Amino acid sequence: MTTLPQISLAKLSSDATRLEEQQRLRMACEEYGFFYLEHGIPKEQIAEAIDASRRFFALPQATKERYGHASQDVYPATARGYIPLHGEMLHPEAGTDPKEMFDLGIEKEGDRRPFAGITRLPDDALAPGFARSLLALQATVLNEVVPQLGGALADLLDMGKGWFQRHFSSPTVLQRVIRYPSTGGTAGKHTDGGFFTLLLQEELPTLPLQVWFRGRWTPVPSLPDSLVVNLGDMLQALSDDRFKSTPHQVAHNGPAERISLPFFIYPNIDARLTSRQGKHTFSVAEMMLRNFESVWEKGNGAGRARELQ
């Protein structure tokens, strides 16, 4: 595989091209679990979020740590806020990852359910444009990408009319900003736990993202005007294991640091879902909490990391 399949959001949304594009999407889900998505998000909006994130990460360490997990009034606290270098371990064999991050979600005051509520974010005086640009990008992704792609994936699951609208009426979103240092920035091998992940990233000549495909790690280049989509463990379960939640890792060694902006998309936090053939049933909240416990409390890694030797 020299590159991933390319899917067009515009073609998925058009009556004239939807059926053909859905068949290409089905192939991508069954054979790869990863694909490029031509998305239409304004380049300027992505660039603004990346620039503001780089400025935040350049702040003094003590300033950034004021927004760490201990400062966040959400459950679990590890779902929001700043994480320093070597603060997370995605695979126990690899050890802690040399990357730093900031996590946020859908900001909804008074929502005390898991993975909900308000993130304590730096204000514009301290980190100009950081909160504003990230939340604006979140709104664009949730309004212009998630419904169209999610609806198409739900159609492939053949779960019945209105299934996606019912179970994603108030989706759970883990939005992350990651800075990989210029030398040795990594994310250990893992799978993602959700329905799907959307990755916006800088277009760099290096190939840090690697996907496990046909028994080897395959580098994934950045493509202009496209984001990378990978399927998560929840979608694999809901497809009765027809679709692939593919292992991946990051190994960044380049002339400059790398900023990436992943969005981890999950169904409504209160949903309890069963696959079409009945092989898998799970609570969204329980599955998410087990994965966070594996990463942050037990040190067993993310997703199916324990299966990846």
Side-chain angles (χ1 to χ4, degrees), residues 37 39-74 77-85 87-88 97-109 111 115-146 171-182 185 187 197-204 206 208-209 222-228 250 252 254-265:
L37 184 70
H39 53 72
I41 300 172
K43 288 183 177 180
E44 298 79 10
Q45 190 173 43
I46 299 169
E48 183 180 4
I50 289 173
D51 290 344
S53 298
R54 183 172 284 112
R55 290 194 297 270
F56 169 79
F57 287 122
L59 291 171
Q61 188 64 28
T63 301
K64 292 182 288 188
E65 290 183 354
R66 297 208 308 260
Y67 300 90
H69 291 160
S71 74
Q72 302 296 331
D73 185 25
V74 296
T78 48
R80 303 284 180 95
Y82 173 72
I83 304 163
L85 289 168
E88 181 184 60
D97 296 336
K99 64 183 191 291
E100 60 178 333
M101 299 164 287
F102 198 103
D103 291 340
L104 57 156
I106 295 177
E107 304 298 297
K108 189 174 181 181
E109 193 165 1
D111 192 341
F115 303 98
I118 295 291
T119 309
R120 184 166 181 260
L121 287 154
D123 62 24
D124 224 42
L126 182 65
F130 182 67
R132 175 177 45 78
S133 64
L134 291 176
L135 292 173
L137 184 60
Q138 179 190 109
T140 299
V141 167
L142 287 176
N143 291 328
E144 299 182 17
V145 180
V146 170
T172 310
V173 176
L174 305 181
Q175 180 180 355
R176 171 166 277 192
V177 187
I178 309 174
R179 184 189 76 89
Y180 295 97
S182 58
T197 302
L198 306 171
L199 175 64
L200 294 162
Q201 56 186 333
E202 295 182 281
E203 294 173 16
L204 298 175
T206 56
L209 177 61
S222 300
L223 290 187
D225 304 316
S226 296
L227 51 76
V228 176
V250 174
H252 176 61
E257 64 183 16
R258 173 180 180 253
I259 301 291
S260 67
L261 304 168
F263 292 80
F264 303 91
I265 309 299

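Just so it is clear, the model here is predicted, and its values are computed rather than measured.
- Between Ile83 and Arg176 there is a side-chain heavy-atom pair separated by less than 4.5 Å.
- Enclosure of atom CD in Glu109 is not indicated, since only 12 or fewer non-hydrogen atoms of other residues, nucleotides or ligands lie within 6.0 angstrom.
- The number of heavy-atom neighbours closer than 6.0 Å to CG of Asp124, taken from other residues, nucleotides and ligands shown, is above 12.
- For the pair Ile259/Phe57, a side-chain contact is recorded, criterion being any heavy-atom separation below 4.5 Å from C-beta on.
- Contact check on Lys43 versus Asp225 returns a salt bridge, with a Lys/Arg side-chain nitrogen under 4.0 Å from an Asp/Glu carboxylate oxygen.
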* Asked: How far apart are the C-alpha atoms of Arg66 and Leu59, what are their side-chain angles, what is the distance that settles it, and do they pass the side-chain contact (heavy atoms from CB on, under 4.5 Å) test?
  -> CA-CA 11 Å; Arg66 297 208 308 260; Leu59 291 171; over 6 Å; no
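- When all heavy atoms of Tyr82 and Gln61 are compared, the pair lying nearest together is OH-NE2, 3.0 Å.
- Between Tyr180 and Pro208, the closest side-chain pair of non-hydrogen atoms is not below 4.5 Å.
- Rounded to the nearest 0.5 angstrom, Ile118 CD1 and Ile106 CD1 are separated by 11.0 Å.
- Note that the CZ atom of Phe130 and the CG atom of Leu104 stand 7.0 Å from one another [nearest 0.5 Å].
- Minimum heavy-atom separation, His69 to Ala77: CD2-O, 3.5 Å.
- Considering all non-hydrogen atoms of both residues, Ala49 and Leu134 come closest at CB-CD2, 4.1 Å.
- A salt bridge links Glu100 with Arg179: at least one charged nitrogen is closer than 4.0 Å to a carboxylate oxygen.
- Across all their heavy atoms, Glu48 and Arg132 have their closest contact at OE2-NH1, 2.7 Å.
- With Ser226 contributing its side chain and Ser222 its backbone, the two residues share no donor-acceptor pair below 3.5 Å.
- Separation of atoms CG (Leu223) and CD (Gln201) is listed at 9.0 Å; rounding is to 0.5 Å.
- Looking only at side-chain heavy atoms (C-beta outward), Leu199 and Leu209 come within less than 4.5 Å of each other.
- Here Lys99 contributes atom NZ and Ile178 contributes atom CD1; the two are 6.0 Å apart, rounded to the nearest 0.5 Å.
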* Is there a side-chain contact (heavy atoms from CB on, under 4.5 Å) between Thr197 and Ile265 once you walk through the steps? -> CA-CA 6 Å; Thr197 302; Ile265 309 299; over 6 Å; no
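- With rounding to the nearest 0.5 Å, the separation of CG in Leu261 from CD1 in Ile46 is 8.0 Å.
- Looking at every heavy atom in both residues, Thr119 comes nearest to Asp103 through CG2-O, 3.8 Å.
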* Between Gln138 and Val141, is a side-chain contact (heavy atoms from CB on, under 4.5 Å) present by the stated rule, with each step listed? -> CA-CA 5 Å; Gln138 179 190 109; Val141 167; 5.8 Å; no
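- Atom CD1 of Ile41 sits about 5.0 Å away from atom CG of Leu200, to the nearest 0.5 Å.
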* Does the side-chain contact (heavy atoms from CB on, under 4.5 Å) test come out yes or no for Phe263 and Leu137, once each step is laid out? -> CA-CA 10 Å; Phe263 292 80; Leu137 184 60; 4.0 Å; yes
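- The nearest pair of heavy atoms linking Tyr67 to Phe102 is CB-CE1, 3.8 Å.
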